[in-house]
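There's a structure below that I have some questions on.
All values below were derived from every heavy atom in this structure, side-chain atoms included, with hydrogens, water molecules and symmetry-related copies excluded.
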Amino acid sequence: MDLNQPTGENYANPKTCFFHVLFKAAALAFYILSALFFNSFVIIFVVTVILAALDFWVVKNVSGRILVGLRWWNEINDQGESVWKFECLDQESLARMNKKDSWLFWWTLYLAAVAWIFLGIFSLVRFQADYLLVVGVCLSLSIANIVGFTKCRKDAKKQIQAFASQTIATRFSSTLQSAFSVV
């Protein structure tokens, strides 16, 4: 992950970027500001978790596909084992992905989790176990997306390396065959 924001290019998918950030910011802002407006823990819990769940769904099913070309899901096979499934765009399409979109995707994914960790520490220090539960749910959803997309990105890199190796081996083999068939 590149630390520097790419310069000189605009976002290719500004609406997707907006919604990618919107639900993260809404969940965090509601959680932080809700104590000023609501006296009910139940309202704070329900609304914050719904916003975090919307963020999870948007990231996993929409912005991950559009902004970085990755998709993941988890299935339980016939033996009852958890199996991760990954999809990525082909190598040519991945190379054309907008760098600014990708940068925004990865940074906001990690920064949201860091923000929830800080809020969790704050809840611990203030001995607010109930609010720690809210943070725990939201952090779990953030970490699930981080783990899923990180594994998916690693799997995509393996697929690209395997494709490149196979292409080189095939070309080398055909070059050798044509060289020996001439003789």
ILVMFWY network linking Phe122 to Phe127, side-chain heavy atoms under 4.5 angstrom: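 Different clusters: Phe122 never reaches Phe127 through Ile, Leu, Val, Met, Phe, Trp or Tyr contacts under 4.5 Å.
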Residues Leu104, Val21; criterion side chain to side chain contact (heavy atoms under 4.5 Å, CB included); working and verdict: CA-CA 9 Å; Leu104 178 86; Val21 174; 4.0 Å; yes
Hydrophobic cluster identity match, Leu22 and Ile50, side-chain contacts under 4.5 Å: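 Looking at the clustering, Ile50 is in the same group as Leu22.
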Check against side chain to side chain contact (heavy atoms under 4.5 Å, CB included), Val59 and Lys24: CA-CA 10 Å; Val59 171; Lys24 285 174 187 35; 3.0 Å; yes
Parallel, tilted or perpendicular, as decided by the 30° and 60° cut-offs, for the rings of Trp72 and Phe149: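 If you compare the ring of Phe149 with that of Trp72, the planes turn out perpendicular.
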From CD1 (Ile32) to CD1 (Ile44), nearest 0.5 Å: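 Answer rounded to 0.5 Å: 12.0 Å.
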Intermediate values then yes/no, side chain to side chain contact (heavy atoms under 4.5 Å, CB included), Leu28 and Leu119: CA-CA 9 Å; Leu28 286 163; Leu119 290 170; 3.7 Å; yes
Trp57 vs Val62, side chain to side chain contact (heavy atoms under 4.5 Å, CB included): CA-CA, chis, key distance, verdict: CA-CA 8 Å; Trp57 187 88; Val62 180; 3.8 Å; yes
Between Tyr110 and Thr150, a side-chain donor and acceptor under 3.5 Å: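 Checked: Tyr110/Thr150 side chains pair up, N/O donor to acceptor below 3.5 Å.
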Side chain Thr48, main chain Phe45, donor-acceptor under 3.5 Å: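 No; zero donor-acceptor contacts below 3.5 Å.
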Spatial distance of atom CG (Asn10) from atom SG (Cys17) [nearest 0.5 Å]: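 Output value for this atom pair is 11.0 Å.
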Side-chain heavy atoms of Phe19 within contact of Ser63, under 4.5 Å: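 Answer no - side chains too far apart.
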From CD1 (Ile117) to SG (Cys138), nearest 0.5 Å: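 That separation rounds to 13.0 Å.
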CG/Asn39: more than 12 non-hydrogen atoms of other groups inside 6.0 Å: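 It does not: Asn39 CG has 12 such atoms or fewer within range.
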Check: Tyr31 and Val135 side chains under 4.5 Å, non-hydrogen atoms: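 Heavy-atom side-chain distance check passes, below 4.5 Å.
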Sub-6.0 Å ring centroid separation between Tyr131 and Phe41: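 Close enough - the centres of the two rings lie under 6.0 Å apart.
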Residue pair Lys60 / Asn145: nearest heavy atoms and the distance that separates them: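 Lys60 and Asn145 have their closest heavy atoms at CB-OD1, 3.5 Å.
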Taking every non-hydrogen atom, the tightest pair across Ile76 and Ser82: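 Smallest heavy-atom distance, with atoms named: CD1-CA, 3.9 Å.
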Heavy-atom closest contact (Phe30 atom, Leu51 atom, distance):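 Shortest heavy-atom separation between Phe30 and Leu51 comes out as CB-CD1, 4.0 Å.
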Pairwise distance CG(Leu67) to CH2(Trp103) - rounded to 0.5 angstrom: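 The CG atom of Leu67 sits 13.0 Å away from the CH2 atom of Trp103.
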Path from Val125 to Phe118 over hydrophobic side-chain contacts below 4.5 Å: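 The answer is no; the residues belong to distinct hydrophobic clusters.
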Heavy-atom pair with the smallest gap, counting every atom of Ala113 and Leu139: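 Smallest interatomic distance, heavy atoms only, reads O-CD1, 3.5 Å.
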Separation between CH2 of Trp116 and OG of Ser142, rounded to the nearest 0.5 Å: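 Answer for the CH2-OG pair, Trp116 versus Ser142, is 7.5 Å.
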Hydrophobic cluster membership, Val47 vs Val134, 4.5 Å side-chain cutoff: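 Same cluster: Val47 reaches Val134 through Ile, Leu, Val, Met, Phe, Trp or Tyr contacts under 4.5 Å.
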Value rounded to 0.5 Å, distance of CG in Asn61 from CH2 in Trp73: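 Reported to 0.5 Å precision, the distance equals 10.5 Å.
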Val114-Phe56 co-clustered via ILVMFWY side chain contacts under 4.5 Å: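 No, separate clusters.
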